[in-house]
Amino acid sequence: MKNLLFLFLLIPAICTAQVNWFEKEAFFFASTEIDVKNAFFGGTVNDRAYDGIFNFGYRNRGFQVQASYENFKAIDFYSFELRAGHVFNHGRQWNYLLLGGLGWIQRNVEWLQKVLYPAASLSAQLEYHTGSFFFLLRWEGRLRTDLNMLKPSGFGGIGFKF
């Protein structure tokens with residue numbers, strides 16, 4: 001137990017010590033993510049299904065802005081979101097992000113009265129950069145007005161820097 005706690009406490013030191021000398025100060029990027037739980041296990045209202053997100057954005061050192069499109073065809077769920085936030089530990093191989101977002105959810109189901117619903121989200125993201133590519137894990141809590149609830153999700157993906 002003490003060894004596990006020691007390793008957990010060393011993670012920030014290990015991650016901040018890794019300088020990525022080839023990191024650009026500013027770059028555009030495109031990335032794709034999948035909802036890991038829905039892809040492997042399914043959800044409360046669906047079997048295993050593809051829930052994908054496509055992102056296009058811009059990063060300049062500690063600031064990032066991105067546009068996102070989510071396609072979850074199995075339940076007729078589509079969303080469009082604009083996210084912005086702060087990049088911690090930029091210029092290193094491991095980056096941490098805190099992003100806030102506003103957008104719209106489109107639901108094409110008969111039990112809802114409208115088609116478009118506003119949404120707001122807060123995301124925490126972990127990235128590992130290697131050359132022009134990066135891998136990411138993202139946790140998101142989204143206030144969904146179509147369901148009137150805060151819905152957590154977890155995503156994994158890959159991105160490319162231009």
Side-chain angles (χ1 to χ4, degrees), residues 15 23-90 92-162:
C15 293
E23 181 72 50
K24 299 176 186 175
E25 291 287 323
F27 57 86
F28 288 95
F29 66 90
S31 65
T32 183
E33 308 170 32
I34 62 166
D35 186 323
V36 178
K37 180 181 169 282
N38 278 319
F40 294 107
F41 305 109
T44 54
V45 296
N46 60 285
D47 292 330
R48 291 185 306 191
Y50 171 77
D51 178 8
I53 297 180
F54 303 99
N55 302 306
F56 183 75
Y58 175 74
R59 181 179 296 177
N60 191 346
R61 294 182 56 85
F63 176 74
Q64 176 171 307
V65 63
Q66 71 185 46
S68 300
Y69 170 71
E70 182 174 2
N71 179 1
F72 194 2
K73 196 169 189 165
I75 62 168
D76 285 326
F77 177 92
Y78 309 93
S79 71
F80 313 91
E81 194 166 26
L82 183 63
R83 295 186 188 109
H86 185 70
V87 180
F88 299 92
N89 205 35
H90 59 81
R92 306 231 192 300
Q93 286 183 306
W94 290 95
N95 292 168
Y96 318 98
L97 290 83
L98 187 59
L99 301 166
L102 294 173
W104 291 97
I105 293 172
Q106 178 183 347
R107 293 296 308 267
N108 296 320
V109 292
E110 58 195 40
W111 53 272
L112 289 173
Q113 297 173 357
K114 298 186 293 185
V115 175
L116 289 175
Y117 293 86
S121 69
L122 186 62
S123 299
Q125 186 166 306
L126 173 67
E127 297 176 344
Y128 178 75
H129 291 255
T130 175
S132 294
F133 290 94
F134 61 94
F135 301 94
L136 63 98
L137 294 172
R138 184 171 64 87
W139 175 87
E140 175 183 78
R142 185 184 299 184
L143 180 59
R144 292 189 39 189
T145 58
D146 62 331
L147 301 176
N148 292 323
M149 65 184 294
L150 182 65
K151 184 82 172 148
S153 298
F155 299 91
I158 187 168
F160 180 76
K161 299 181 258 184
F162 298 103

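Quick note: numbers below take in every heavy atom, side chains included, and nothing from hydrogens, waters or symmetry partners. On a predicted model such as this, the values are computed, not experimentally measured, just so you know.
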Within a strict 4.5 Å, meaning less than it, do heavy atoms of the Ser123 and Trp139 side chains meet? no
Can you tell me if His129 uses its side chain to pair, donor with acceptor, with the backbone of Phe134 under 3.5 Å? no
Are the side chain of Asn89 and the backbone N or O of Trp94 linked by a donor-acceptor pair below 3.5 Å? yes
For side-chain contact (heavy atoms from CB on, under 4.5 Å), just list the numbers for Phe88 and Arg92, CA-CA rounded to whole Å, side-chain angles, deciding distance to a tenth of an Å, and then say yes or no. CA-CA 10 Å; Phe88 299 92; Arg92 306 231 192 300; over 6 Å; no
When every non-hydrogen atom of Gly156 is compared with those of Leu137, the smallest separation belongs to CA-CD2, 4.1 Å
Does a side chain donor of either Arg83 or Ser68 reach within less than 3.5 Å of an acceptor in the other side chain? yes
Please round to the nearest 0.5 Å and tell me the distance separating atom CG of Leu99 and atom CG of Leu82. 10.5 Å
Check whether any side-chain heavy atom of Lys73 lies under 4.5 Å from a side-chain heavy atom of Asn71, and answer yes or no. yes
Nearest 0.5 Å please: distance from the CG atom of Leu116 over to the CZ atom of Phe80. 8.0 Å
Step by step, would you call Asp35 with Phe72 a side-chain contact (heavy atoms from CB on, under 4.5 Å)? CA-CA 9 Å; Asp35 186 323; Phe72 194 2; 5.9 Å; no
For a 4.5 angstrom cut-off between non-hydrogen side-chain atoms, does Glu33 reach Glu140? no
Compare every heavy atom of Arg142 with every heavy atom of Ala119, then report the nearest pair and how far apart it is. CB-CD, 4.1 Å
Enclosure of Phe162 CZ (heavy-atom neighbours >12, cutoff 6.0 Å): yes
Please identify which of these residues, Phe54, Phe133, Phe135, Phe56, meets the ring pair (Phe, Tyr, Trp, His ring centres under 6.0 Å) condition with Phe160. Phe133
Closest approach of Ile34 and Ala39, non-hydrogen atoms and distance? CD1-CB, 4.0 Å
Atom of Ala120, atom of Leu102 and distance for their closest heavy-atom approach: CB-CD2, 3.8 Å
Min side-chain heavy-atom separation Leu97-Arg59 under 4.5 Å: yes
Using every non-hydrogen atom in the two residues, find where Gly141 and Leu150 come nearest and quote the distance to one decimal. C-CD1, 3.9 Å
Rounded to the nearest 0.5 Å, what separates atom CD in Glu127 from atom CD in Gln64? 6.0 Å
Any side-chain heavy atom of Tyr78 sitting closer than 4.5 Å to one from Asn108? yes
Residue set satisfying salt bridge (Lys or Arg N to Asp or Glu O under 4.0 Å) with Arg61, at least two apart, ordered chain then number -> Glu25
Could you label the plane-to-plane angle of the Phe28 and Tyr58 rings as parallel, tilted or perpendicular, counting under 30° as parallel and over 60° as perpendicular? tilted
Can you measure from NZ (Lys161) to OG (Ser31) and round to the nearest 0.5 angstrom? 12.0 Å
Does a side chain donor of either Arg138 or Asn55 reach within less than 3.5 Å of an acceptor in the other side chain? no
Enter the distance from Leu98:CG to Gln125:CD here, rounded to the nearest 0.5 Å. 10.5 Å
Nearest heavy-atom contact between Arg107 and Trp111 is NH2-CZ2, 3.9 Å
Once rounded to the nearest 0.5 Å, what's the spacing between atom CG of Asn95 and atom NE2 of His90? 8.5 Å
